[in-house]
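See structure below.
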Amino acid sequence: MVETYQRRTALAHLGLVGRAAAGKGGAGVVMSEAGHRTIINIRGNAQDPAFAAAVKSATGVDLPAKANTVAGTGARQILWLGPNEWWVTGADGEADALVEALRGAFTGQHATACDVSESRAVLSLKGPKTREVLARGVSLDLHPKVFGIGQCAQTGLSRCNVLLHQVGEGPHFEIYVLKSFSDYLWRWLEQIAGDFDLGIEA
Amino acid sequence: MLVIPCPYCGPRDEHEFSYAREGHIARPTNAEQISDADWAQDLFMRKNPKGVHYERWMHAKGCRRYFNVARDTVTHEIYAVYEMGQPAPDVKKESGR
Ligand SMILES: [Zn+2]
């Protein structure tokens with residue numbers, strides 16, 4: 001466990017707070033780091049009503065019914081990863097309690113819950129040019145008729161494995177990426193976003 | 001570039017996948033009795049057809065699941081995509097070839 005006073009987000013070294021303070025409004029793309037987030041990887045049989053009920057009781061959220069979609073709102077969401085795999089998200093510091101609740105609910109089932117919070121950084125991109133920035137490095141069709149709010153996809157973004165999630169209007173996307181790739185991906189995105197009037201938020 | 005329909009995530013570009021070679025290979029159950037020549041055959045010799053090939057792919061940048069693909073090695077046409085453990089479909093018959 002990292003001492004709290006030593007704990008930094010993956011991109012703290014980029015000085016985004018200072019750059020944001022010097023920034024301007026009205027950008028085509030606004031980039032920020034979303035900060036610490038609880039991420040619990042769960043696996044189980046989606047067709048088993050007992051598993052679905054256990055997830056609901058431990059998280060308060062139903063499993064997303066469809067592939068490539070997200071259920072829940074605010075900090076507590078469930079993101080579809082595969083036919084028997086999801087991420088449950090939470091606010092920073094919730095991981096231990098959430099894992100305990102999930103494992104308790106899974107007792108007697110062939111299911112797992114594992115804290116992977118420290119593995120990912122979460123980047124936020126929003127603004128009218130966000131899709132154009134992402135399109136430079138993603139092979140998915142991000143047209144709003146195809147990829148809308150509440151949808152997620154694991155895919156490649158400029159050679160990094162990422163999970164893309166459209167969280168809101170704007171459009172507003174979140175990108176989950178392994179922390180060790182986050183510095184590279186931020187710099188790559190910033191270079192592209194520079195073509196579209198970049199703003200930075202802390 | 002192929003567009004491969006992942007049975008779980010839907011159609012994605014080929015570069016999201018890794019190729020996992022010929023499918024439907026059952027390992028010998030009588031391992032103690034089998035000859036070296038038969039072991040070599042089992043381990044190293046693979047089909048290399050001109051036409052329909054039953055092979056495995058893994059969606060490396062997506063759901064990370066293995067699945068089977070029936071693909072034409074000449075035209076790259078994908079006749080069928082099906083989950084691990086399912087029998088190979090007779091795509092020649094189905095596609096009228
Ligand atoms: Zn997939």
Side-chain angles (χ1 to χ4, degrees), chain A residues 39 41-47 63-70 78-87 112 114 116 119-120 134-143 145-148 150-166 175-178 181 184-185 188, chain B residues 1-27 29 52-91 94-95:
Chain A
I39 309 171
N41 186 292
I42 60 169
R43 300 195 64 169
N45 180 359
Q47 275 74 52
L63 287 170
K66 285 172 62 183
N68 299 311
T69 63
V70 178
I78 302 184
L79 296 84
W80 187 93
L81 302 182
N84 55 12
E85 187 174 15
W86 301 262
W87 275 345
T112 66
C114 182
V116 296
S119 68
R120 261 48 174 210
L134 293 174
R136 298 263 184 106
V138 163
S139 63
L140 294 179
D141 186 353
L142 296 177
H143 190 281
K145 279 183 181 168
V146 183
F147 200 102
Q151 278 184 265
C152 67
Q154 293 179 96
T155 186
L157 171 56
S158 183
R159 307 180 73 82
C160 298
N161 287 19
V162 298
L163 183 143
L164 276 184
H165 174 198
Q166 188 180 343
I175 304 166
Y176 293 73
V177 62
L178 283 170
F181 287 83
Y184 158 75
L185 189 63
W188 184 87
Chain B
M1 175 85 73
L2 297 177
V3 173
I4 300 174
C6 171
Y8 309 109
C9 303
R12 299 289 183 94
D13 276 1
E14 178 184 353
H15 77 255
E16 292 199 6
F17 298 85
S18 57
Y19 182 61
R21 306 195 293 170
E22 187 182 337
H24 304 291
I25 294 174
R27 295 292 179 219
T29 52
V52 181
H53 190 226
Y54 298 91
E55 58 199 17
R56 299 176 300 175
W57 289 76
M58 196 266 278
H59 192 187
K61 280 186 159 38
C63 61
R64 296 180 304 284
R65 295 309 185 281
Y66 284 86
F67 56 93
N68 294 299
V69 176
R71 178 181 63 93
D72 194 304
T73 59
V74 179
T75 64
H76 283 310
E77 184 178 353
I78 292 173
Y79 299 119
V81 167
Y82 50 105
E83 291 183 29
M84 299 304 293
Q86 291 186 345
D90 188 354
V91 295
E94 286 166 16
S95 61

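Numbered from 1 within each chain, the chains take letters A, B, ... in sequence-line order.
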(request) Indicate the atoms forming the closest heavy-atom contact of A:Gly82 with B:Cys63, along with that distance. (result) CA-CB, 3.9 Å
Show me, pair by pair, the donor and acceptor atoms from chain A and chain B that are under 3.5 Å apart.
unit_1	atom_1	unit_2	atom_2	d
A:Asn68	ND2	B:Cys9	O	3.0
A:Asn84	OD1	B:Arg65	NH2	2.4
A:Glu85	OE1	B:Arg64	NH2	3.2
A:Glu85	OE1	B:Arg65	NH1	3.3
A:Glu85	OE1	B:Arg65	NH2	3.2
A:Glu85	OE2	B:Arg64	NH2	3.3
A:Gln154	O	B:Arg12	NH1	2.7
A:Gln154	OE1	B:Arg64	NH1	2.9
A:Gln154	NE2	B:Gly62	O	3.1
A:Thr155	N	B:Lys61	O	3.2
A:Thr155	OG1	B:Glu16	OE2	2.4
A:Asn161	OD1	B:Lys61	NZ	3.1

(request) Tell me, for A:Leu163 versus chain B, whether the close heavy atoms (under 4.5 Å) come from the side chain, the backbone, both or neither. (result) neither
(request) Applying side-chain contact (heavy atoms from CB on, under 4.5 Å), name anything that partners B:Pro5, two or more places apart in sequence or on another chain. (result) B:Ile78, B:Val81
